[in-house]
Amino acid sequence: MERYMDTSLSPEERADDLFAKLSREEIVAQLQNYEIGIDAARCCDFESEYGIGFLSAEWMQECADVKEAIRLQRELQARAMEQSPHHIPSIFYIHGLAGAHVPRATSFPSDLNRGANFNTRLEELIGSIIARQSLVMGINYVISPIMDITRDFFVERKRKTYSEARTLGVIMGGAYTKGIRSVDIDGRRADVISDLNAFRVDLLPEDRIDHMAWTVIKEKFRMGLFEHPFAMDEDAVEEALEHKANYEIARLGAEESLILLKNNGIIPLDHNVKKVVVIGPHAQDFGSYYLTEQAAHRETQTIFDCLKNEKPAVEIVYARGYDYGGDDKSGYEEALALLADADIAILTLGMRYNYWNHEIGGLDITTNCGIIPPCQEKLIARISEMGIPMVGIHLGVHPFANHLGEEKLDAILEALLPGEATADAVVDVLSGKVNPCGRLPIEVYDNQLQTLRRAFGYGMSFSNFEYRDMSVDRNEVSATENFEIRVHLENHGPIAGSELIQLYRQEDKAVRENRKLLGLRKVFFLSGESHDVVFTIDPAQMAIPSEDGAWMVQPGQYTFMIGRSVNDIIGEVSVTINGTDKIEGPERVFYSTSRVE
């Protein structure tokens with residue numbers, strides 16, 4: 001047996017032994033990537049005389065079923081190993097946005113949805129499920145999370161990011177990565193990778209190429225790829241894909257991501273409601289709830305069907321009413337006729353998103369962010385003339401931003417792209433089973449007036465949370481001393497619910513982000529229950545780059561605030577930091593820890 005195949009050795013020792021045996025051509029081959037795309041029919045059409053470092057597995061979601069995906073992965077891997085003189089397996093990779101891009105993998109809420117739930121423990125669980133469902137298919141690398149910080153409301157890529165707040169992005173991205181790396185299936189391990197960028201080998205020094213190739217080989221040993229290069233058997237794959245707990249995590253993620261933007265008391269739905277008319281194409285199209293295309297292999301409930309099952313004693317009827325885009329009014333008369341004796345109208349609003357083809361309803365989403373098409377807007381106006389109460393459920397890439405909808409709708413539930421559990425989550429909020437606790441992870445602007453419509457952190461609840469007695473344990477500290485900020489909360493509402501407590505620091509000199517998110521804590525309260533939430537602040541969080549590039553904590557007076565959103569501050573305290581402290585890279589602190597008492 002070759003020494004590099006000895007599993008008792010460390011990945012570094014095995015990599016050293018194998019690397020010494022490789023030719024120059026084999027070394028360079030370990031840095032090569034074959035981008036197959038999503039064409040399953042072409043996936044085995046590649047030639048590489050010396051093996052290949054990476055192979056895309058995006059084609060898997062286009063396979064007819066799991067069995068075909070397993071077969072093609074094994075054929076591809078066998079081909080890659082046969083073409084390598086030392087039979088080095090290739091690393092398969094996929095995007096992991098909202099789920100593993102493989103047939104019937106769990107479809108979780110979009111990254112922006114998960115930013116809206118502010119739940120790091122849940123994000124870690126989601127990462128672990130994505131890792132497991134990837135590993136059983138022979139995939140070791142997940143290209144996620146995308147750590148871009150969303151700054152422009154009109155950028156379509158927003159759907160792939162957690163938030164505009166650096167702190168929230170760091171917290172959620174770290175939790176996702178921790179979840180991915182926590183999974184070990186009989187020696188199979190997964191990891192995240194930021195991207196696979198192209199470069200010219202002939203422009204790099206030889207020692208740099210050697211180090212990069214050695215690192216790739218070391219990673220292959222660490223992930224167990226030499227021992228487990230192929231997708232697992234069909235039974236193991238089926239178990240990973242169909243585990244009942246996966247759906248419950250997806251459902252919890254969807255429920256916690258829903259943001260109640262407006263409510264005139266119309267939801268939860270009154271028990272006296274006798275007839276409900278559901279309008280809109282999304283209500284009967286579960287394909288409009290997803291960020292990624294693996295959902296095409298899963299059949300889930302629609303919002304309309306789920307609502308009928310939840311309210312069997314209520315007459316619930318459906319009219320399409322309008323399309324995802326355009327100005328077609330041909331469906332209006334059917335909807336208006338049904339509404340003649342209705343108690344309430346529930347309208348699904350927004351466009352339809354497709355992961356690979358970003359055209360939605362014929363509108364340019366980079367310039368029509370958050371609006372609804374004319375056909376939807378005009379029917380809202382017609383229903384308003386009838387005096388029928390309306391609930392709007394908005395689905396799509398960007399948060400809702402529409403003049404007429406804001407004025408005429410009695411309630412607005414922001415859903416974005418909640419994944420396969422959308423119907424259950426939406427209906428649970430409508431019925432009052434779930435108290436909405438999602439908060440906006442980005443600012444929402446009026447696309448016509450370019451003015452701020454809703455601030456970061458905004459979101460309503462069925463409960464009423466009272467904040468009081470904000471305090472700090474010390475008003476003066478050194479540059480190396482931690483201090484604590486405390487606030488008392490009580491749920492004065494009639495039902496239980498979760499509240500997101502947000503800690504900010506005032507940054508007067510900042511142009512865009514004059515209040516920086518330092519920490520957050522989501523706490524569940526029973527009706528009448530109260531708790532203290534305590535944040536621990538490390539002065540290292542206040543470090544800024546000095547003229548020589550070093551990160552330094554500077555002396556001065558700092559203002560800290562706690563609020564329901566960045567624009568709804570309930571109290572503030574000031575702390576003076578004396579002296580300076582140089583913060584080395586590993587010592588940097590990005591967010592405050594917290595506890596509940």
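- To the nearest 0.5 Å, the span separating CD1 on I70 from CG on D233 amounts to 7.5 Å.
- Remark: D6 pairs with no residue by the salt bridge (Lys or Arg N to Asp or Glu O under 4.0 Å) rule, at least two apart or across chains.
- For S288, the side-chain hydrogen bond (donor to acceptor under 3.5 Å, both in side chains) criterion is met by no residue, not counting sequence neighbours.
- Side-chain contact between D65 and E68 is present, with heavy atoms from C-beta onward closer than 4.5 Å.
- With E239 contributing its side chain and A236 its backbone, the two residues share no donor-acceptor pair below 3.5 Å.
- Of the possible donor and acceptor atoms, none in the side chain of Q77 sits under 3.5 Å from a partner among the backbone N and O of R79.
- The distance from atom OG of S56 to atom NE2 of H101, rounded to the nearest 0.5 Å, is 10.5 Å.
- Partners of E123 under the side-chain hydrogen bond (donor to acceptor under 3.5 Å, both in side chains) rule, at least two apart in sequence or in another chain, are R114, Y162.
- We find the SG-CD1 distance between C437 and I259 to be 10.0 Å, quoted to the nearest 0.5 Å.
- Taking each heavy atom of V566 and A455 in turn, the nearest pair found is CG1-CB, 3.7 Å.
- A donor-acceptor pair shorter than 3.5 Å cannot be found between the side chains of E26 and S84.
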* Carefully, step by step, assess R14 and E227 under the rule salt bridge (charged side-chain N to carboxylate O under 4.0 Å, His left out). => CA-CA 13 Å; R14 297 175 72 182; E227 289 71 45; 2.6 Å; yes
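- Evaluation of the ring-ring contact (aromatic ring centres under 6.0 Å, His included) rule for F118 yields no partner, not counting sequence neighbours.
- Comment: E12 does not engage R222 in a salt bridge, judged by the lack of any side-chain N to carboxylate O separation of less than 4.0 angstrom.
- Taking each heavy atom of V216 and Q30 in turn, the nearest pair found is CG1-O, 3.7 Å.
- Counting heavy atoms from C-beta outward, L417 and P109 have side chains that stay 4.5 Å or more apart.
- For the 3.5 Å distance criterion, the side chains of Y4 and D16 fail to qualify, holding no donor opposite an acceptor.
- Judged purely by atom type and a 3.5 angstrom limit, H394 has no side-chain atom pairing as donor or acceptor with the backbone of A415.
- Taking the side chain as every heavy atom from C-beta outward, N33 and I52 never approach each other to under 4.5 Å.
- The structure places CZ of R74 at 8.5 Å from CZ of F230, a figure rounded to the nearest 0.5 Å.
- Side chain of K220 to backbone of P89: a donor-acceptor contact under 3.5 angstrom is found.
- Scored by the side-chain contact (heavy atoms from CB on, under 4.5 Å) test, V434 finds E255, D428, V429 as partners (sequence neighbours excluded).
- For residues 130-146, no pair satisfies salt bridge (charged side-chain N to carboxylate O under 4.0 Å, His left out), with sequence neighbours left out.
- The shortest heavy-atom contact between G127 and I180 is O-CD1, 3.2 Å.
- Listed here is the closest heavy atom pair of V66 and P103: CG2-O, 3.8 Å.
- Applying the salt bridge (Lys or Arg N to Asp or Glu O under 4.0 Å) test to E238 and every residue at least two apart in sequence or in another chain returns R104.
- Side chain of E420 to main chain of S107: a donor-acceptor pair is present (N/O by atom type, distance under 3.5 Å, no hydrogens or angles).
- At least one donor-acceptor pair closer than 3.5 Å links the side chain of Y289 to the backbone N or O of H282.
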* **side-chain hydrogen bond (donor to acceptor under 3.5 Å, both in side chains) assessment of Q133 paired with T106** => CA-CA 8 Å; Q133 295 186 341; T106 307; 3.0 Å; yes
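- Side-chain N or O atoms of H87 include one that pairs as donor or acceptor with a backbone N or O of M81 at under 3.5 Å.
- Within the 4.5 Å cutoff, the side chain of S134 has heavy atoms near those of the I94 side chain.
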* To do: With side-chain hydrogen bond (donor to acceptor under 3.5 Å, both in side chains) as the test, would you mind laying out the steps for Y176 and D111 before giving the verdict?
  => CA-CA 10 Å; Y176 178 96; D111 293 53; over 6 Å; no
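- Side-chain N/O atoms of N117 and S257 include no donor and acceptor closer than 3.5 Å.
- A salt bridge does not link R188 with D184: every distance from a Lys NZ or Arg NE/NH1/NH2 to an Asp or Glu carboxylate oxygen is 4.0 Å or more.
- Contact annotation: the side chain of V444 never approaches that of F400 to less than 4.5 Å [non-hydrogen atoms, C-beta and beyond].
- The closest donor-acceptor contact from the side chain of S128 to the backbone of L125 lies under 3.5 Å.
- In this structure, E256 CD and L252 CG are separated by 4.5 Å, a value rounded to the nearest 0.5 Å.
- In summary, the side chains of N402 and Q376 do not present any donor paired with an acceptor at a separation below 3.5 Å, with no hydrogens or angles considered.
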* To do: Apply salt bridge (charged side-chain N to carboxylate O under 4.0 Å, His left out) to E75 and R71, showing your working.
  => CA-CA 6 Å; E75 288 181 13; R71 176 181 61 80; 2.9 Å; yes
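- Partners of R320 by side-chain hydrogen bond (donor to acceptor under 3.5 Å, both in side chains), not counting sequence neighbours, listed by chain and number: D323.
- Shortest non-hydrogen contact noted between L260 and Y458 is O-CE2, 4.2 Å.
- With sequence neighbours excluded, no residue forms a side-chain hydrogen bond (donor to acceptor under 3.5 Å, both in side chains) with E248.
- Between V237 and M137 there is a side-chain heavy-atom pair separated by less than 4.5 Å.
- Below 30°, between 30° and 60°, or above 60°: for Y141 and F54 the angle between ring planes is below 30°, a parallel geometry.
- Residues satisfying the ring-ring contact (aromatic ring centres under 6.0 Å, His included) test with F226, not counting sequence neighbours, are F221.
- Heavy atoms from other residues, nucleotides or ligands lying under 6.0 Å from CZ of R208 number 12 at most.
- Residues forming a salt bridge (Lys or Arg N to Asp or Glu O under 4.0 Å) with R181 (at least two apart in sequence, or on another chain): D191.
- In terms of heavy atoms, T348 sits closest to P281 at OG1-N, 4.0 Å.
- The CG atom of L168 sits 4.0 Å away from atom OG of S163, with the distance rounded to the nearest 0.5 Å.
- Residues that satisfy the salt bridge (Lys or Arg N to Asp or Glu O under 4.0 Å) test with K433, not counting sequence neighbours, are E310.
- A donor-acceptor pair under 3.5 Å links the side-chain atoms of E164 to the main chain of E443, judged by distance alone.
- Counting non-hydrogen atoms of neighbouring residues, nucleotides and ligands closer than 6.0 angstrom, the NZ atom of K67 reaches no more than 12 such neighbours.
- A donor-acceptor pair under 3.5 Å links the side-chain atoms of N309 to the main chain of D305, judged by distance alone.
- Taking 4.5 Å as the limit, every side-chain heavy atom of F456 sits out of range of all side-chain heavy atoms of L440.
- Between F286 and Y290, the ring planes are perpendicular. Angles over 60° get that label, and only those under 30° would be called parallel.
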